[in-house]
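Working notes, structure below.
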Amino acid sequence: MTQNEAPEDLGAPVAYLVLKDGTPVFDESGARAGEVEHVLDDEQSDVFHGLIIKTPQGHRFAPADKVSGLFEHGVILTVPGADLPEPSEDPAARVADEGLQDTLKRAWNWLVQPK
């Protein structure tokens, strides 16, 4: 398989909960964008936020609305991998990061408060 040639059969569709790190990621033209580095989700609420993708140009964030298919042997994006933002550039990722920082700060404040 060449860099710009998607496999003939990506296998059965899968849920984001079982998508493996290292799964190849392709755009709709069949060009390989990279591979899955991490699935961003909230399992308790059953919400899929998107994927962190390892590309030759560095890590990129693919929001859920830019993912058209999750399969056993590949992920299909609705946009070229080069069009994906770096994780820190995406507003949703920034908000999530700020939310996590706030949550950690509140947890720390609760831990250190006098009992």
Side-chain angles (χ1 to χ4, degrees):
M1 183 169 67
T2 66
Q3 183 72 359
N4 289 327
E5 183 181 316
E8 287 294 317
D9 180 12
L10 292 178
V14 296
Y16 66 87
L17 294 171
V18 297
L19 187 65
K20 295 178 181 168
D21 291 351
T23 300
V25 178
F26 304 93
D27 67 21
E28 290 180 328
S29 74
R32 186 173 176 144
E35 61 185 41
V36 174
E37 180 79 14
H38 185 67
V39 176
L40 298 169
D41 64 345
D42 182 351
E43 289 185 33
Q44 288 182 329
S45 301
D46 193 24
V47 176
F48 171 59
H49 297 289
L51 303 169
I52 300 295
I53 300 171
K54 183 178 178 182
T55 74
Q57 296 77 34
H59 290 89
R60 297 292 182 258
F61 175 63
D65 65 346
K66 303 288 186 220
V67 177
S68 65
L70 301 172
F71 302 91
E72 290 171 325
H73 305 294
V75 172
I76 305 295
L77 301 175
T78 61
V79 297
D83 291 352
L84 297 173
E86 291 185 24
S88 61
E89 293 176 357
D90 185 85
R94 258 198 314 270
V95 168
D97 187 45
E98 290 167 3
L100 178 60
Q101 289 175 2
D102 183 55
T103 301
L104 292 172
K105 183 177 180 179
R106 283 185 284 133
W108 175 255
N109 288 340
W110 180 84
L111 284 170
V112 298
Q113 72 183 352
K115 302 282 189 237

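Just so it is clear, the values below take in all heavy atoms, side chains as well, and ignore hydrogens, waters and symmetry mates.
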- Indicate, with yes or no, if L51 and V47 share a hydrophobic cluster defined by side-chain heavy-atom contacts under 4.5 Å among Ile, Leu, Val, Met, Phe, Trp and Tyr. no
- Query: Quick one: CD1 on I52 to CD on E37, what's the gap to the nearest 0.5 Å?
  - Reply: 8.5 Å
- Report the C-alpha distance between I53 and V75 in whole Å, list the side-chain angles of each, state the deciding distance to 0.1 Å, and finish with yes or no for side-chain contact (heavy atoms from CB on, under 4.5 Å). CA-CA 10 Å; I53 300 171; V75 172; 6.0 Å; no
- Taking every non-hydrogen atom, the tightest pair across S29 and D27: OG-OD1, 2.6 Å
- Query: Can you name the ring-ring contact (aromatic ring centres under 6.0 Å, His included) partners of F48, sequence neighbours left out?
  - Reply: Y16
- Query: Can you name the nearest heavy-atom pair linking P56 to A33, along with the distance?
  - Reply: CD-O, 3.9 Å
Enumerate donor-acceptor pairs with a distance under 3.5 Å from any side-chain N or O in residues 57-70 to protein atoms, sequence neighbours excluded.
| residue | atom | partner | partner atom | Å |
| --- | --- | --- | --- | --- |
| R60 | NH2 | Q57 | O | 3.4 |
| S68 | OG | I76 | O | 3.3 |

- Item | Residues forming a side-chain contact (heavy atoms from CB on, under 4.5 Å) with D21, sequence neighbours excluded | V36
- Could you walk me through whether L84 and T55 pass the side-chain contact (heavy atoms from CB on, under 4.5 Å) check? CA-CA 10 Å; L84 297 173; T55 74; 5.9 Å; no
- Whether E72 side chain and A12 backbone form a donor-acceptor pair below 3.5 Å: yes
- Task: Any chance you could measure H73, atom NE2, to K20, atom NZ, to the nearest 0.5 Å?
- Result: 8.5 Å
